[in-house]
Undergrad: 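My structure is below; once you've seen it, I'll send some questions.
Letters A, B, ... mirror the listed sequences (proteins, then strands); counts begin at 1.
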Amino acid sequence: MNIVVCVKHVPDATADRRFEDDGTVDRVGVDGLLSELDEYAVEQALQVRERLGDDSEVTVLSVGPQQAVDAIRKSLQMGADKGVHVVDDAIAGSDSVATSLVIAEAVRRIGAWDLVVCGMASTDGSMGVVPAMLAERLGVPALTLGSSVEVEGDIVRIRRDGDTATETVEATIPLVMSVTDQSGEARYPSFKGIMAAKKKPLETWSLADLGIGPEQVGLSAAWSVVQSTEARPPRTKGQVVTDEDGSGAAALVEFLASKKFV
Amino acid sequence: MSEVLVLVDTLVDGKVGKPTLELLTIARRLGEPVAVVFGEASGVTDVLASYGAERVVAVDDTEVREHLVAPKAEALSELVEKAGPDLAAVLLPSGGEGKEIAGRLAVRTGSGLITDAVDVQAGADGPVTTQSVFAGGYTVQARVTRGVPIVTVKPNSATPEQARGAGTVEAFRPTVSDAARGARITASAPRQASGRPELTEAAIVVSGGRGTGGNFEEVEAFADSLGAAVGASRAAVDSGWMPHAFQVGQTGKTVSPQLYVANGISGAIQHRAGMQTSKTIVAVNKDEEAPIFELVDFGVVGDLHTVLPAATEQVRQRKG
């Protein structure tokens, strides 16, 4: 089975994330890393390959600036077989619609694919819409928000924990799948994996390689526009008391009563 | 006046949820609400009309309900085309399904998409949305510049207000492609009703984390004394103590209640992303160094296993 995993290089959530003047996310001035939620996608792709135990291959695909190659390297260190990095200055500022276009064309160029695996959302934009958009563009079924994954011949099956029900959903390959952080802890790269990753093939593609014009992507082609961004004032720390012989509960209830919650 | 399509969220026990009434209230700021219901609509027409629905489109869901998301997106896309260029917006609930329908609809109709709005107002160039991003650290205002604005809206983004609409019911039978029927639902286990308020809609949320040690009884009892919903941190969910549907945080629910009480939760960024915009935050934690205390309006350094039962008892006494 030919598996493609989509990964995103995102600003570190524990760092001081911010916006550029044009309303796009600052992706250069803030340390970045492989989006934590995409590690689960890499893990599930590797597990599918391992369970099949045949000549299945995992290709890791990332669209993003130069530094995004770090996210691909990390995935190769975890065990993916090869990498594709789509990088082009014109892509900066793309919205989800344009991003899904670039990913779809890159998946088509990888060719002969059976399964595209995505994380449930990025940890920066966190819209969670790209997997569905990708399936729409590729004209294949989508199994989204899987918390467990099973492959049986040509059929992929997931468990999906929805708000109103837990469902079992299945489809025949080729298909797009997204997995949640409930799907299983992602592995750490081993020393052997880190050494092996250095020799794995990594291709760099431009928009021209994908037959996409620069006018189709980027900030100026976005179908929505950010009018303003404003940092929320930090919360001011309130009173903290230490419980001694029941004083904590009394003070807590007194506080709730003062705010009319009791 | 131009129309606004409102996707009515999946009915629970045949009833319309509060988020749908919020969507209808928001839709009236932008135009005439048209409620789109998948499945039997006769039981809900009156409530939809009483919150402003001029029309109620009842979509025949025989080709839809066995499948995941895609057929609903195709049906909505047909309705968008039928409505023509005069359509002011499409509003959808911001859950996993609503966002995926919105994403597909954006691609199909060549329209811009904004997800997870916490407010939507009419503007000179179309609806202006407010979003809370970067774990609640920033507020962003945005608008769609191409096609029909497609906006998913979070629960608790408006106070539902009644305003009688005509509520004219129309049946609609969508054309569903073979491709959209590709993902088949082969089994479904409905979630058990807890009898407590919905997590994302509740005015008060009481959550438990690692510090509960796996025993949520004290958290649940305190929640019940306050009439609150129960939430859990990712650590508690990963430990198998609570189902994922209760998880508050980046990969669970985002809540923005009047009062959030975090018990035995350290307050990692993943958790803060889901509760940071709550009006009042209270925490109980044994560790006085826990980062959650940086956010609180009131905190108790203490063992939740002793603090919560005592507090529960006192709340009950005060309420008589």
Undergrad: Rounded to the nearest 0.5 Å, how far does CD of A:Q227 lie from OG1 of B:T129?
TA: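 Answer rounded to 0.5 Å: 8.0 Å.
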
Undergrad: At a heavy-atom distance under 4.5 Å, which candidate from A:T144, A:L134, A:L143, A:V25 has the highest pair count against chain B?
TA: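 With the most close heavy-atom pairs to chain B, the winner is A:T144.
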
Undergrad: Under 4.5 Å between any side-chain heavy atoms of B:F298 and A:L256, yes or no?
TA: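 Of all side-chain heavy-atom pairs linking A:L256 with B:F298, none is under 4.5 Å.
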
Undergrad: Sub-4.5 Å heavy-atom contacts with chain B: which residues of residues 32-44 of chain A show up?
TA: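 Answer by number: A:E36, A:L37, A:Y40.
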
Undergrad: Taking C-beta and beyond as the side chain, do B:E288 and A:V240 meet within less than 4.5 Å on heavy atoms?
TA: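 Side-chain contact under 4.5 Å: no.
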
Undergrad: Out of A:T168, A:T242, A:L252, return the one with the most heavy atom pairs under 4.5 angstrom to chain B.
TA: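 Looking at each of A:T168, A:T242, A:L252 in turn, A:T168 comes out on top.
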
Undergrad: So for A:F255, is it side chain, backbone, both, or neither that comes closer than 4.5 Å to the heavy atoms of chain B?
TA: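 The side chain, not the backbone.
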
Undergrad: Does a sphere of radius 6.0 Å around CD in A:E230 hold more than 12 heavy atoms from other residues, nucleotides or ligands, not counting ones at 6.0 Å or beyond?
TA: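 No, not enclosed.
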
Undergrad: Using non-hydrogen atoms and a 4.5 Å limit, figure out which bit of B:K279 sits close to chain A: side chain, backbone, both or neither.
TA: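 B:K279 touches chain A through backbone heavy atoms alone.
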
Undergrad: For residues A:R232 and B:T277, determine if any side-chain heavy atom of one lies less than 4.5 Å from a side-chain heavy atom of the other.
TA: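 In short, these two side chains touch, coming nearer than 4.5 Å.
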
Undergrad: Using 0.5 Å steps for rounding, measure from the NZ atom of B:K99 to the OG atom of A:S96.
TA: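 Atom-to-atom, B:K99:NZ and A:S96:OG are 10.5 Å apart.
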
Undergrad: Most heavy-atom pairs under 4.5 angstrom with chain B, which of A:S126, A:G248, A:S247?
TA: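 Heavy-atom pairs under 4.5 Å are most numerous for A:G248.
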
Undergrad: A:G139, A:A13, A:A250: which one forms the most heavy-atom pairs within less than 4.5 Å of chain B?
TA: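 Maximum pair count with chain B is reached by A:A250.
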
Undergrad: Mind ranking A:T236, A:V226, A:T166 by heavy-atom pairs under 4.5 Å with chain B and telling me who comes out on top?
TA: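 Ranked by heavy-atom pairs under 4.5 Å with chain B, first place is A:T166.
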
Undergrad: Would you please name every residue forming a salt bridge (charged side-chain N to carboxylate O under 4.0 Å, His left out) with B:D297, sequence neighbours left out?
TA: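 With neighbours one apart ignored, the set is A:R235.
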
Undergrad: Can you name the residues that form a side chain to side chain donor-acceptor pair (under 3.5 Å) with B:D125, not counting sequence neighbours?
TA: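 Result, side chain to side chain donor-acceptor pair (under 3.5 Å) vs B:D125: none returned.
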
Undergrad: So for B:T306, is it side chain, backbone, both, or neither that comes closer than 4.5 Å to the heavy atoms of chain A?
TA: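 Only the side chain of B:T306 comes within 4.5 Å of chain A.
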
Undergrad: Under a 4.5 Å cut-off applied to non-hydrogen side-chain atoms, are A:D243 and B:D303 in contact?
TA: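 Answer no - side chains too far apart.
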
Undergrad: Please check this pair: side chain of A:S224 against backbone of B:R143, looking for a donor-acceptor N/O pair closer than 3.5 Å.
TA: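 No; zero donor-acceptor contacts below 3.5 Å.
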
Undergrad: Do B:Q270 and A:D181 have side chains that get closer than 4.5 Å, going by heavy atoms?
TA: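 Of all side-chain heavy-atom pairs linking A:D181 with B:Q270, none is under 4.5 Å.
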
Undergrad: As an exercise: rank B:S111, B:A180, B:G227 by heavy-atom pairs under 4.5 Å with chain A and give me the winner.
TA: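 Maximum pair count with chain A is reached by B:S111.
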
Undergrad: Determine whether more than 12 heavy atoms belonging to other residues, nucleotides or ligands lie under 6.0 Å from atom NZ of A:K260.
TA: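 No, because the 6.0 Å sphere around NZ of A:K260 holds 12 heavy atoms or fewer from other groups.
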
Undergrad: Which side chain to side chain donor-acceptor pair (under 3.5 Å) pairs, counting each pair once, include a residue from residues 145-157 of chain A, with sequence neighbours left out?
TA: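 Residue pairs with at least one partner in residues 145-157 of chain A: A:S147-A:R159, A:S147-A:D161, A:E150-A:R157, A:E152-A:R157, A:R157-A:E170.
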
Undergrad: Quick check on A:M120 against chain B: is it the side chain, the backbone, both or neither that has a heavy atom closer than 4.5 Å?
TA: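 Side chain only.
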
